[in-house]
*Asks:* 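What follows is a single structure, and I will ask about it in a moment.
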Amino acid sequence: MSKKLFIETLGCAMNSRDSEHMIAQLKEKEGYETTDDMPSADLILINTCSVREKPVSKLFSELGVFNKKKKESAKIGVCGCTASHLGDEILKRAPYVSFVLGARNVSRIAEVLHKDKAVEVDINYDESEFAFDDYRTSPYKAYINISIGCDKSCTFCIVPKTRGDEISIPDELIIREAQKVVDSGAKEIFLLGQNVNNYGRRFSGEHEKVNFTELLRRLSKIEKLERIRFTSPHPFHMDDEFIEEFAKNPKICKSMHMPLQSGSTKVLKDMKRGYSKEWFLNRVEKLRAECPEVSISTDIIVAFPGESDTDFEDTIDVMKQVEFDQIFSFKYSPRPETEAESFTNVVDEDIASMRLTTLQDLNTKIIDDKNATQLGRTYKVYFEALNRDYFVSGRTDNNLVVKVKGSDELLGQFRDVKITSIGRTILTGEIVA
Ligand code: 5AD
Ligand code: SF4
């Protein structure tokens, strides 16, 4: 009987892909099969996120539960960003953990597994050319890494400390991977990097100069590949050439994530984001001029140290001007080893909560108004998930989630869908062609 692996993945798409990498290694080299039933697993992995404080505290309570309920012989491994930044402290706080494996070291899972109390968290470890085996959660859409690490030094962000310096993966490896997933039936690829449009700044070895725009051009030549998505681009690197390619290349999905973080030029400076309010608005204007149908999503942090009422008003002003299609909003959470951790002009907790509520209420209104205009429209939807009650869901080119009544025959298929009813996060429709 094969050994069973239970894996829980927290955090971003990058972590989801890292989990796929680890599953691939463990299947291929150690004969594991995945299970959803933790108590029957021989190996339990938690792939952690450390971008904010909350998931980190959750980790230790969860580890306690896993330890109580697991099979006696089962091993527990802590992987990912929290593993990178806490390292052997995890073994001190939870001595029943067998090993700790950092976000930059996932390729070593099969080897670390056999070293009791191993702590492998070297953020300079270079796995940019490592050939991971095949394992993908979805046969319809494939995550593909294009770089590892991040070279920026945003003062709030722990990621450069957990994932190390940025190294681009050679484009020939990315193209080969994309060709492989398309040959096996996927029609969509999702390119992943901490800062995708900084692609090509540094490779491990000698490499031809290729930037992100050129990578997109090369990938879109793959026949039978229909959709390309990516996350996250950085507003600082959104030059005209990139926006123009985005707009005119029919394979690139018309949905752009533009992490604003703050609408105040002063706060952006304190965050070391490298752009101003005006630059951000200028990029949105250019993008919408070139590509009117684009949907724009963003990340916003409220109550960064020193954020005044006027600074917050600037964020609200950008929200009103841009009318984002989706926002991910957070209260600032101080993180260890970041520059902002030592900033003393902390915003009062009540004010922080009020600002978050104000922002989210405004967003709800914007989204409701936008959604109301969707009724009766027809979109091409790529179906990728089977839901309960005989519904199948998928996404439009501009990233709206749409469900229709149907069976698994629709999975991996494109259909024209007319929107018949509106929900805040998901639209319902019927197939017209
Ligand atoms: N506090 C709050 N939010 C944060 N993010 C990153 N670091 C922090 C922090 N210290 C948010 C940013 C980023 C998203 C992935 O998480 O908005 O874009
Ligand atoms: Fe963090 Fe900034 Fe890098 Fe994004 S670009 S991962 S926010 S340091």
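Only heavy atoms go into these numbers, but all of them, side chains included; no hydrogens, no water, no symmetry mates. Order of listing sets the numbers, starting from 1, for every ligand and every atom in it. Sequence positions, counted from 1, serve as the residue numbers for this chain.
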*Asks:* Quick one: is the NZ or CZ of K187 closer than 6.0 Å to the six-membered ring centre of Y140, and within 45° of its axis?
*Replies:* no
*Asks:* Which ligand 1 atoms, with their elements, are less than 4.0 angstrom from a heavy-atom of I301?
*Replies:* 3 (N), 4 (C), 5 (N), 12 (C), 17 (O)
*Asks:* Below 4.0 Å, non-hydrogen atoms only: which portion of Q261 touches ligand 1? Side chain, backbone, both or neither.
*Replies:* side chain
*Asks:* Looking only at N/O atoms, are S333 and ligand 1 under 3.5 Å apart anywhere?
*Replies:* yes
*Asks:* Under 4.0 Å from ligand 1, counting heavy atoms only, is it the side chain of F156, its backbone, both or neither?
*Replies:* both
*Asks:* Answer yes if the ring centres of F304 and Y332 are under 6.0 angstrom apart, and no otherwise.
*Replies:* yes
*Asks:* Under a 4.0 Å heavy-atom limit, does V51 contact ligand 1 with its side chain, its backbone, both, or neither?
*Replies:* both
*Asks:* Does R104 use its side chain to pair, donor to acceptor, with the backbone of R163 at less than 3.5 Å?
*Replies:* yes
*Asks:* Does R52 qualify as a cation-pi partner of F330, given the criterion of NZ or CZ under 6.0 Å from the six-membered ring centre and within 45 degrees of its axis?
*Replies:* yes
*Asks:* Could you tell me which residues satisfy salt bridge (Lys or Arg N to Asp or Glu O under 4.0 Å) with D134, sequence neighbours excluded, listed by chain and number?
*Replies:* K180
*Asks:* Which ligand 1 atoms are under 4.0 Å away from a heavy-atom of R52?
*Replies:* 1 (N), 2 (C), 3 (N), 4 (C), 5 (N), 11 (C), 16 (O)
